[in-house]
Protein chains: 4
Amino acid sequence: MPTVRQAFVHRFAASAPDDLDAMEAAVRRGELDPAGIVAVLGKTEGNGCVNDFTRGFASLALKQGIAAWSGRSVESVGRDVAIVMSGGTEGGLSPHWLVFEVREAPAGTPAAALPALAVGVAMTRPFAPEEIGRLPQIRATADAVAAAMRQAGIDSAADVHYVQVKCPLLTKARIEAAAARGRDVATGDTYLSMGYSRGASALGVALALGEVREGELGDGAVCARPDLYSGRASTSAGIELMENQVMVLGNSRAWAGELAIGHGVMQDPIDVDAVAQALEQVGLRAGLRLADADRARVAAVLAKAEPTCNGLIRGRRHVMLDDSDIHASRHARALVGGVLAGVFGDTQLFVSGGAEHQGPDGGGPVAVIARR
Amino acid sequence: MPTVRQAFVHRFAASAPDDLDAMEAAVRRGELDPAGIVAVLGKTEGNGCVNDFTRGFASLALKQGIAAWSGRSVESVGRDVAIVMSGGTEGGLSPHWLVFEVREAPAGTPAAALPALAVGVAMTRPFAPEEIGRLPQIRATADAVAAAMRQAGIDSAADVHYVQVKCPLLTKARIEAAAARGRDVATGDTYLSMGYSRGASALGVALALGEVREGELGDGAVCARPDLYSGRASTSAGIELMENQVMVLGNSRAWAGELAIGHGVMQDPIDVDAVAQALEQVGLRAGLRLADADRARVAAVLAKAEPTCNGLIRGRRHVMLDDSDIHASRHARALVGGVLAGVFGDTQLFVSGGAEHQGPDGGGPVAVIARR
Amino acid sequence: MPTVRQAFVHRFAASAPDDLDAMEAAVRRGELDPAGIVAVLGKTEGNGCVNDFTRGFASLALKQGIAAWSGRSVESVGRDVAIVMSGGTEGGLSPHWLVFEVREAPAGTPAAALPALAVGVAMTRPFAPEEIGRLPQIRATADAVAAAMRQAGIDSAADVHYVQVKCPLLTKARIEAAAARGRDVATGDTYLSMGYSRGASALGVALALGEVREGELGDGAVCARPDLYSGRASTSAGIELMENQVMVLGNSRAWAGELAIGHGVMQDPIDVDAVAQALEQVGLRAGLRLADADRARVAAVLAKAEPTCNGLIRGRRHVMLDDSDIHASRHARALVGGVLAGVFGDTQLFVSGGAEHQGPDGGGPVAVIARR
Amino acid sequence: MPTVRQAFVHRFAASAPDDLDAMEAAVRRGELDPAGIVAVLGKTEGNGCVNDFTRGFASLALKQGIAAWSGRSVESVGRDVAIVMSGGTEGGLSPHWLVFEVREAPAGTPAAALPALAVGVAMTRPFAPEEIGRLPQIRATADAVAAAMRQAGIDSAADVHYVQVKCPLLTKARIEAAAARGRDVATGDTYLSMGYSRGASALGVALALGEVREGELGDGAVCARPDLYSGRASTSAGIELMENQVMVLGNSRAWAGELAIGHGVMQDPIDVDAVAQALEQVGLRAGLRLADADRARVAAVLAKAEPTCNGLIRGRRHVMLDDSDIHASRHARALVGGVLAGVFGDTQLFVSGGAEHQGPDGGGPVAVIARR
């Protein structure tokens, strides 16, 4: 009989991008085994846009911390742990860390009666610059999602509720390297390349989970066919890698523990019905707000936010796209953060922006991890 | 038998601060009688802070429009109509106008079976600069609230659910005028004087409605005793007046029509229970969100937003007060706007900032006007 | 002998976008004849970007003021007076109005010994949406510049030192109107259309002044050939017109008065040599800074500001294009405003952004009007 | 005969807050001895306000870099090297590092014919929270400046041209610790405490250099007597220390090398005469701009920027203090940066904000280090 694994999700408040005090205390108390950390998601308080250095600051501090606690080198931590920093805590959103830890249950531990939270990670090959934002990245991401599902012991796409992907972006140097080999790239704009890479990665998830058909896909679809999307993908681009790092979250009978995950797809930024759907999947009832007892069962909330392209929310005009003082993605995170805060009675929510092909226009996935 | 009056609340979308197209069309269609307008509240898309000129722009355009439609002078419109512009449509908030119109019901019209929306307006005497933000402004405001209640035929403070006050502020010239008479003022900082005037006005409402006792009040209480507040006041300061303009909204059997108003007091920025309370008072049931049929009954939603002073929301840190890129009041409006948008399924909400003595720290009144 | 004209340039401080007090006082004192106003340039304190409503607010207040003072209708003022509002007073820039007035000199007045400031205005035909940002707008603008030169009695392009153009932009409605006639437009992005219209207008000026050859021009050149530009054009787009309004400023012996204009072309945002060149043309010596006596001779300073596209200024990196908190054009105005403030010892400078084809990349025209 | 020392000033461009590539290359080439670094000033691209984490990010990366290159621990580097990060590169300012290195000249090296750049560092005792922003901090800082002068072999205050001070600030914990001992603090507002600490530190420099008399000083003077200031102090507050770190820059015959320092005191943000004065002291002639050959001699430019409190610059209104979108200190840095960029023909300038008691209202010190 195979060893039963158990996934743990730790949520720690951060008083600054480099604040690891709460995490370190948990390590000291033996509640968190740094050697078991497979991924860390961080919500930092920068602007979440181009010049947001809180992400790099948090990543640097985090890698050093985990390395010190687990006696590994900073490089090996960077290689073995998926580190995804999302900037922007607008409105009432509260900066925090989400640490995913996997332990082997003691020999002989039975699997959970109900499917339990399962975590699988996988990586694609490094991409050539000309592959980023195009079909090769889509296909390789789909393969990595499948591999991560196998690694997690998740048989059916229906049991996958959230897929976090960290993907590369184009830099001037990378574009020139491609040009030197006579290859053009998806876009010459390094900033836009983040969107193309996020979009292709999300379409890769959609392909793996059967949300789109391979025939519908092509280079031309990326950032051009909003009707093609995954309701379970959350992708973010970073400069420090050339491959895609994939973390699949789902439920599996091969895992132990009380934690489970569910999700819904918000059709617009104020779609609370999708939240209710996610809550029901983990056995929680959404009313006007979560009951206090239920709130204590919630381990993590993950959602995507984007402004609607037509400038409307249910027929009402929003100003996000016309505001030259506050970036549209900041307005969008503030809005979705407020909508979720009302339902959950909590502001420690992982709401991130940049939702190309991650849910419908202006909407996006919302996932809830909770103790049954 | 006294004439029965009926209050109408018109809500018009605005594509810019000076966009009166929807309002003008209603006038043309005879749905809105410009001569009956007693007050206009406008949510404009500026920053809602010091250098927000969308308020002045909207006021100028509005006065000219009403003057043209009703054949009055711009001056008389400015004198007769309470015009309150609130800047800031962060997150998903949608710029719009709320027009309050009062008509006499045809002779013999019976009053409503249930108490109906009643509107009363009154004005204080002009204040001397040294009175602003102090006891004389508090007392005079309380008297004006009482007068507005009488004018509206509202007998009991319990029937008052929202009191809008427009109040003056201090300018360098006004401070010097007081000094020339040997009088000091509440603050030499013209920006802070807006808060003192809003605060004293709100305490005046609280005094009139029995929410605070006269003995608790004094110059020292303004902006210093957060425990003293009104759960029904919404005050805003403007440079163009020296008196307080008061509009009382409540329910009265002396009025006709289906509209009624209710309110709750949000204890913090994500307190949806207070929204449920306001909805119940007008016969609507709050669940995860309003039913579509019920949403159509809502004529207006009015709320106040402020960051909590301790930097926390239910124990979670927020960054509003530490953000030097986005003003704290903008974060707060975005958050409360999101919380309400989730419940109402709508973003056309009148959420304004600057809530000194208007609800508890970080919270504030939320009022709903709806057809029963 | 033809009547001799004289141009006057009045500079008034503004304490807010709608502050006309100083202008009105000048009218009252008889120093400014409102009937003689041909153009007003206004530097307002908005963000100078998409949601800058200080421009519309200032325009509305200004038209009403001039109409009231001169007994004309607001419409006729809007038609007869070129009104150009430029938002953005970053750094130390001071909000102000520049009023251009033309009077006929008393019969028999001799022309100035030296060429004097000459002002000419002209208008193109209204453009069809599909013409905006393309060759037809370029050619029509060139014709209008020639007409304005004739009207000003300026014979040679060498005597033209500054050409202000106000041009239209595309709106969704205008794009659809063109599509209904089976025509496509330069860009479907309404915001980008402002740049295309400014760029085509500037190329029209360049064509009229012989700065580019007709053979070099085509639809494809607009916003794509930075090497083609005018060193004397300043263009701004507005939603309220469909034609191009052109004001030419130059020197002519047919005009009287002490005022004269000169210009230089800044090669980058810190190119003070170009300022020295402009000053010398009006008989002023640029040193470390203008001597106090010379400063009093300066009537107006007009300049364009843009970030360099390569992210460098003389090999040093700037952050303008990477800053998601402050728009690049705001950084650029602040920088050029500071450079000029040091030389002129004054911050009441008309520095505007959006310099497509107006000077080289990152640079732009700088013009000085002064009493000889 | 005492050993002759030589000071080196290295200026390195930064492509991000943690970019040490240029510095590391200099170490590799043997041009910079990491063991000789006494201070590093960094201009980073954050907002320079409360939530600017680029300073902490840069400090962390820098300490690790120097530690790695010099085989020291991060802690010892933090203790031995004065690290001062200044956020804010508005307008055209270019992010960069200024590294101050001191070497012993080979035995027998004669001192420079002319006084050469001399660097001295000293530290105060750690302060109790209740001493910060008050007389004890002023006095201790003055003593440290005197000690740093002795250490640098600078005999006369007239030879001191720039004093950089890093000082502590108050936190909630520190305020409570003082309260627990029955002591009150200068201010309960942790943000304001930065200004009090900077101000008291600057007054300490002024006292040491004879710019103010001890009799004029008292707790009440800090942040209340703008007429008392140092024309050579540049102070910045940090959370990571409780003592004051002082670096004195001056000229001394006991030092070797071609570098020298001069300074002027800008009377307002556009006072180029003060720049000319600083340049003349190091043998450079200021004209409209520096000659190219002279520009190559400049090793560093250091200046302070602040908005004028009365809202005016030479009688012209500025909007810095009324802008709720861009912090006043950001406008001020952009303005001063532009003024200096015009004169120096360079944007790699160390312009920092927060100038309490550092120069007159709206003005501040400007220092130039150059090769004679």
Side-chain angles (χ1 to χ4, degrees), chain C residues 13-16 44-47 88-96 268-273 275-276 279 285-289 295 307-308 311-320 322-323 325-327 330-349 362, chain D residues 13-16 45-47 88-96 268-273 275-276 279 285-289 295 305 307-308 311-320 322-323 325-327 330-349 362:
Chain C
S15 65
T44 64
E45 58 206 89
N47 62 27
T89 54
E90 297 80 5
L93 291 171
S94 192
H96 66 287
D268 65 28
I270 64 175
D271 180 12
V272 288
D273 294 337
V275 183
L279 284 166
R285 230 193 98 283
L288 171 67
R289 60 171 177 81
R295 187 187 311 155
T308 54
L312 301 174
I313 297 173
R314 300 191 186 175
R316 309 291 202 191
R317 172 176 169 250
H318 66 71
V319 303
M320 303 183 195
D322 294 333
D323 190 340
D325 298 314
I326 299 178
H327 197 286
R330 308 200 70 180
H331 280 291
R333 277 188 296 267
L335 171 58
V336 172
V339 169
L340 298 180
V343 176
F344 285 93
D346 195 348
T347 55
Q348 208 174 49
L349 308 161
Chain D
S15 65
E45 58 205 89
N47 61 26
T89 54
E90 297 81 5
L93 291 171
S94 192
H96 66 287
D268 64 30
I270 65 175
D271 179 13
V272 288
D273 294 338
V275 184
L279 285 166
R285 228 193 100 280
L288 172 67
R289 60 172 177 79
R295 187 187 311 157
T308 54
L312 300 173
I313 297 173
R314 300 192 186 177
R316 309 291 202 192
R317 170 174 169 252
H318 66 71
V319 303
M320 303 183 196
D322 293 333
D323 190 338
D325 298 313
I326 300 177
H327 197 285
R330 308 200 71 180
H331 281 291
R333 276 188 298 265
L335 171 58
V336 172
V339 169
L340 298 180
V343 177
F344 286 93
D346 195 348
T347 56
Q348 208 174 49
L349 309 160

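Keep in mind that the numbers below use all heavy atoms, side chains included, and drop hydrogens, waters and symmetry copies. A note on names: the letters A, B, ... follow the listed sequences, proteins ahead of strands, and every chain is numbered from 1.
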Top contributor to chain D contacts, counting heavy-atom pairs under 4.5 Å, from [options]:
options	value
Gly287(C), Ala14(C), Gly315(C), Pro269(C)	Gly287(C)
Gln348(C), Arg314(C), His96(C)	Gln348(C)
His318(C), His331(C), Arg317(C)	Arg317(C)

Problem set entry | side chain to side chain contact (heavy atoms under 4.5 Å, CB included) evaluation trace for Asp325(D) with Asn47(C) | CA-CA 9 Å; Asp325(D) 298 313; Asn47(C) 62 27; 5.6 Å; no
For this session: Using a 4.5 Å cut-off on heavy atoms from C-beta on, say whether the side chain of Ile313(D) contacts that of Ser94(C).
Result: no
For this session: Specify which of Leu340(D), Thr89(D), Asp322(D), Ile326(D) makes the most heavy-atom pairs with chain C at under 4.5 Å.
Result: Ile326(D)
Seminar exercise, completed: Shortest non-hydrogen pair, Val339(D) vs Gly338(C), comes out as CG2-O, 3.2 Å
Exercise. Which atom names give the shortest non-hydrogen contact between Ala341(D) and Leu335(C), and what distance separates them?
Worked result: CB-CD1, 4.4 Å
In terms of heavy-atom proximity below 4.5 Å to chain D, should [X] be classed as side chain, backbone, both, or neither?
X	result
Arg295(C)	side chain
Arg330(C)	side chain
Val343(C)	side chain

Problem set entry | CA sep, side-chain torsions, deciding dist, call: Leu288(D), Asp273(C), side chain to side chain contact (heavy atoms under 4.5 Å, CB included) | CA-CA 8 Å; Leu288(D) 172 67; Asp273(C) 294 337; 3.7 Å; yes
Problem set entry | Pairs touching residues 337-347 of chain D that satisfy side-chain hydrogen bond (donor to acceptor under 3.5 Å, both in side chains), sequence neighbours left out | Arg316(C)-Asp346(D)
Problem set entry | Region of Glu90(D) in contact with chain C, defined by heavy-atom distances below 4.5 Å | both
Seminar exercise, completed: Distance col, row Asp271(C):CG vs Arg289(D):CZ, nearest 0.5 angstrom, shows 8.0 Å
